[in-house]
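Please read the structure below before turning to the comments.
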Amino acid sequence: MAPVPPGVRLLVSFDRDQCLLLNKEEKWPSYLHLSTLIPNSLKKGLILCSSRPHRPDTELHIAPSRYRALTFILTFLLYTSFHLSRKPISIVKSELHKNCSAVSEAAIIASSSSQQPSLLSLHTDVDCGWKPFDKSNYKQLLGAMDYSFLCAYAIGMYLSGIIGERLPIRLYLTVGMLASGVFTCLFGLGYIYNIHNLSFYIFVQVANGLVQTTGWPSVVTCIGNWFGKGRRGLIMGLWNSHTSVGNILGSLIAGYWVSSNWGMSFIVPGLIIIIMGVVCFLFLIEHPNDLKNIYTQNSSLGKTVPSKSWNGVNGHTEVYLQYKDNKNQSYDTELLLPRESERIPMQPVVVVKSESEPSAISFMGALRIPGVVEFSLCLLFAKLVSYTFLFWLPLYITKAAHLDAKKAGDLSTLFDVGGIVGGVLAGVISDKLGKRATTCAVMLLLAAPTLYGFSMISEFGLGPMIGMLLVCGGLVNGPYALITTAVSADLGTHKSLKGNARALSTVTAIIDGTGSVGAALGPLLAGLLSAGGWDQVFYMLMTADFLALLLLLRLVTKELASSKSHPISTVELKEH
């Protein structure tokens, strides 16, 4: 059990201790939804402290839904700041290397006009770009810089999940955010201190990629601890929009300074993620069980009497509540948006003390969970496409639509707007059909021809490009969002784990780490292929989508062959 964050402890200290001991004849408060869940025989002697029921002879505490909302919003903002700090490099690329051919033509004209060489040289240095990215091999250099970040991120992700299972998530995430903010600012300082050494920027990118791996396994584990499986696709589809929101904010912030002082395009996002790291340390509650430390202090009334016990169903103590006694009675409920009519919705979060802490799962043990390998490899190609757009779309728009860096950066945010809609839509459809793999496969099937259409229609003006950006964003980011959130959470709580909730971080890291290999390869290949024309880049993206689709065919076949059509959260994938 992790210690309560100091910010939360401070806020709770302002609450007045208003406790009420219910007698058998007293009416159960109407605002508590447990009145139909707990037998009348148990309501006697139940203590209400600030509307939080607690029975002294059990280890049961009920946290209000406001803490769940706090966790949802806080983790959303935390990972938004991660993506906000990743986006500036794609906006600044067009400033690091400008149109040198135009400068050369101007130089020839100026030379024929007998202009002074010193002024000509200065003009060329300023307009042609930032050394060493002002040479003809600038695409390869920019691609190598992307690859250094993403390769370090992919390698570090495999280790991050395993480490995160064994360390306090709040502290682990805080250190990672502070370090990421420092390295992001360090990249921007290269402009202020006039640093032109490629190895400096490569080092900063590698270091930043490693420390940013602390983010994803941590926030997914936190959100998985607090939310049950009911309509997980919808909830996590909404939550996963932090990726696109971060990209949009990062584009707007970087675009504001890109033409005047591109160093600030990195320093401002770096400061933001540092501030959010402090907020994480003060307020992030890793697990509902952590609130016990607060309520144990506030609810000291009554004596401990050996009595009936409260235990989680199927080992998921954070999701279910079940009462057992000598009679054949059981009362259970699912926390979040229950699917079955016979279950009674309960808004508060149930926290039950676990008698034995499960051990963290091994790397190979996580790989043996049915579906992990297929979805991991599928994400490799899906993330390859998504991150190629993330790092190269503004530069492509600059070249294709002949816009400046700021306008291209602003226009590229439409891809992320479409990604928000696509992520939510994928979650809703997969919840409705109960078929995660099929939902991903259909969107991947539609994405390939859409990418080809985007490459063709970009030449016909801004109107068609805007429409295609929205459509491409939805179809490309929909499967990516669904696999990294709802699917990862489903597999991290698979029935084969027998209630071991400590596998979630490792499973999430394996899936996202494998996807990050594709994220590293995509921008690198784009940098190499774009030298022969942008058409080759789009052919590579379409091939990746097709391979991602092929990797899901076995799971799609199993889903379609299933006679039942209810959520994957209740019908798990069969063993291999």
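This is a predicted model, so every value here is computed, not measured.
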Expected output: side-chain [X] to main-chain [Y] donor-acceptor under 3.5 Å:
X	Y	result
W534	L529	no
H196	K131	yes
S244	S241	no
T174	R170	yes
T184	G270	no
S94	L395	no
S412	G409	yes
T398	P394	yes
R436	V487	no
N261	W257	no

Kindly compute the distance separating [atom1] ([X]) from [atom2] ([Y]), expressed to the nearest 0.5 Å.
X	Y	atom1	atom2	answer
S259	K407	OG	NZ	10.5 Å
S199	I202	OG	CD1	8.5 Å
M264	Y191	CE	OH	11.0 Å
S81	I273	OG	CD1	4.5 Å
L475	L451	CG	CG	8.5 Å
M157	L159	CE	CG	10.5 Å

By the definition ring-ring contact (aromatic ring centres under 6.0 Å, His included), identify the one residue from F538, F389, F415 that meets it with Y396.
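Single pass found, and it is F538.
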Looking at D146 and R86, is any side-chain nitrogen of the basic one under 4.0 Å from a carboxylate oxygen of the acidic one?
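D146 and R86: not salt-bridged.
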Counting C-beta onward and ignoring hydrogens, is there a side-chain heavy-atom pair between [X] and [Y] closer than 4.5 Å?
X	Y	result
I272	I253	yes
V279	L284	no
V372	I510	yes
L96	M145	yes
S90	L393	no
L74	I285	no
M456	D535	yes
K383	S516	yes

With side-chain hydrogen bond (donor to acceptor under 3.5 Å, both in side chains) as the criterion, how do Y138 and W130 come out once you've worked through the C-alpha distance, each side chain's angles and the decisive distance to 0.1 Å?
CA-CA 10 Å; Y138 73 98; W130 184 266; over 6 Å; no
Would T514 and Y158 count as a side-chain hydrogen bond (donor to acceptor under 3.5 Å, both in side chains) if you check the C-alpha gap in whole Å, the side-chain angles of each, and the deciding distance to 0.1 Å?
CA-CA 8 Å; T514 306; Y158 287 109; 2.9 Å; yes
Where is the tightest heavy-atom contact between [X] and [Y], given as atom of each residue plus distance?
X	Y	result
Q205	S148	CB-OG, 3.3 Å
Y387	P523	O-CG, 3.8 Å
V206	A152	O-CB, 3.4 Å
A254	S265	O-OG, 2.8 Å
L525	M540	CB-CE, 3.9 Å
T213	G209	CG2-O, 3.3 Å

Mind checking whether [X] and [Y] have ring centres under 6.0 Å apart?
X	Y	value
F200	F203	no
F72	W226	no
W239	F76	no

Worked check of side-chain hydrogen bond (donor to acceptor under 3.5 Å, both in side chains) between T485 and N240:
CA-CA 7 Å; T485 54; N240 192 65; 5.0 Å; no
Assess whether side-chain contact (heavy atoms from CB on, under 4.5 Å) is satisfied between S488 and M236, documenting all intermediate values.
CA-CA 11 Å; S488 296; M236 288 198 161; over 6 Å; no
Strictly by modelled atom types, are D512 and T484 linked by a side-chain donor-acceptor pair under 3.5 Å?
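Judged by distance alone, the side chains do not pair up.
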Check the side chains of S85 and Q212 for a donor-acceptor pair under 3.5 angstrom, ignoring hydrogens and angles.
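Note: Q212 and S85 side chains meet the donor-acceptor criterion.
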Could you walk me through whether F266 and F187 pass the ring pair (Phe, Tyr, Trp, His ring centres under 6.0 Å) check?
CA-CA 7 Å; F266 291 91; F187 196 105; 4.4 Å; yes
Which one of V219, I223, N225 satisfies the side-chain contact (heavy atoms from CB on, under 4.5 Å) criterion with T221?
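Of the listed options, the one satisfying the test is N225.
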List the steps, then state whether side-chain hydrogen bond (donor to acceptor under 3.5 Å, both in side chains) holds for Y480 with T243.
CA-CA 11 Å; Y480 163 41; T243 298; 5.0 Å; no
Between I192 and I267, is the side-chain contact (heavy atoms from CB on, under 4.5 Å) condition met? List the steps.
CA-CA 10 Å; I192 295 176; I267 294 175; 3.4 Å; yes
Is it possible for you to check whether K93 lies under 6.0 Å from the centre of the six-membered ring of W392, through NZ or CZ, and within 45° of that ring's axis?
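Cation-pi check for K93 and W392: passes.
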Mind telling me whether F149 and F391 have parallel, tilted or perpendicular rings, with 30° and 60° as the class edges?
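Judged by the thresholds at 30° and 60°, the geometry between F391 and F149 is tilted.
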Other residues, nucleotides, ligands: >12 heavy atoms within 6.0 Å of F381 CZ:
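Counting neighbours around CZ of F381, more than 12 heavy atoms of other residues, nucleotides or ligands fall under 6.0 Å, so yes.
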In this structure, are over 12 heavy atoms from other groups packed under 6.0 Å from Y452 atom OH?
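Atom OH in Y452 is not crowded, with 12 or fewer foreign heavy atoms closer than 6.0 Å.
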Determine, step by step, whether L528 and Q140 satisfy the side-chain contact (heavy atoms from CB on, under 4.5 Å) criterion, reporting the C-alpha distance in whole Å, the side-chain angles of both residues, the deciding distance to 0.1 Å, and the verdict.
CA-CA 6 Å; L528 297 174; Q140 287 77 13; 4.0 Å; yes
May I have the step-by-step check of side-chain contact (heavy atoms from CB on, under 4.5 Å) for L167 and L171, ending in yes or no?
CA-CA 8 Å; L167 294 177; L171 300 180; over 6 Å; no
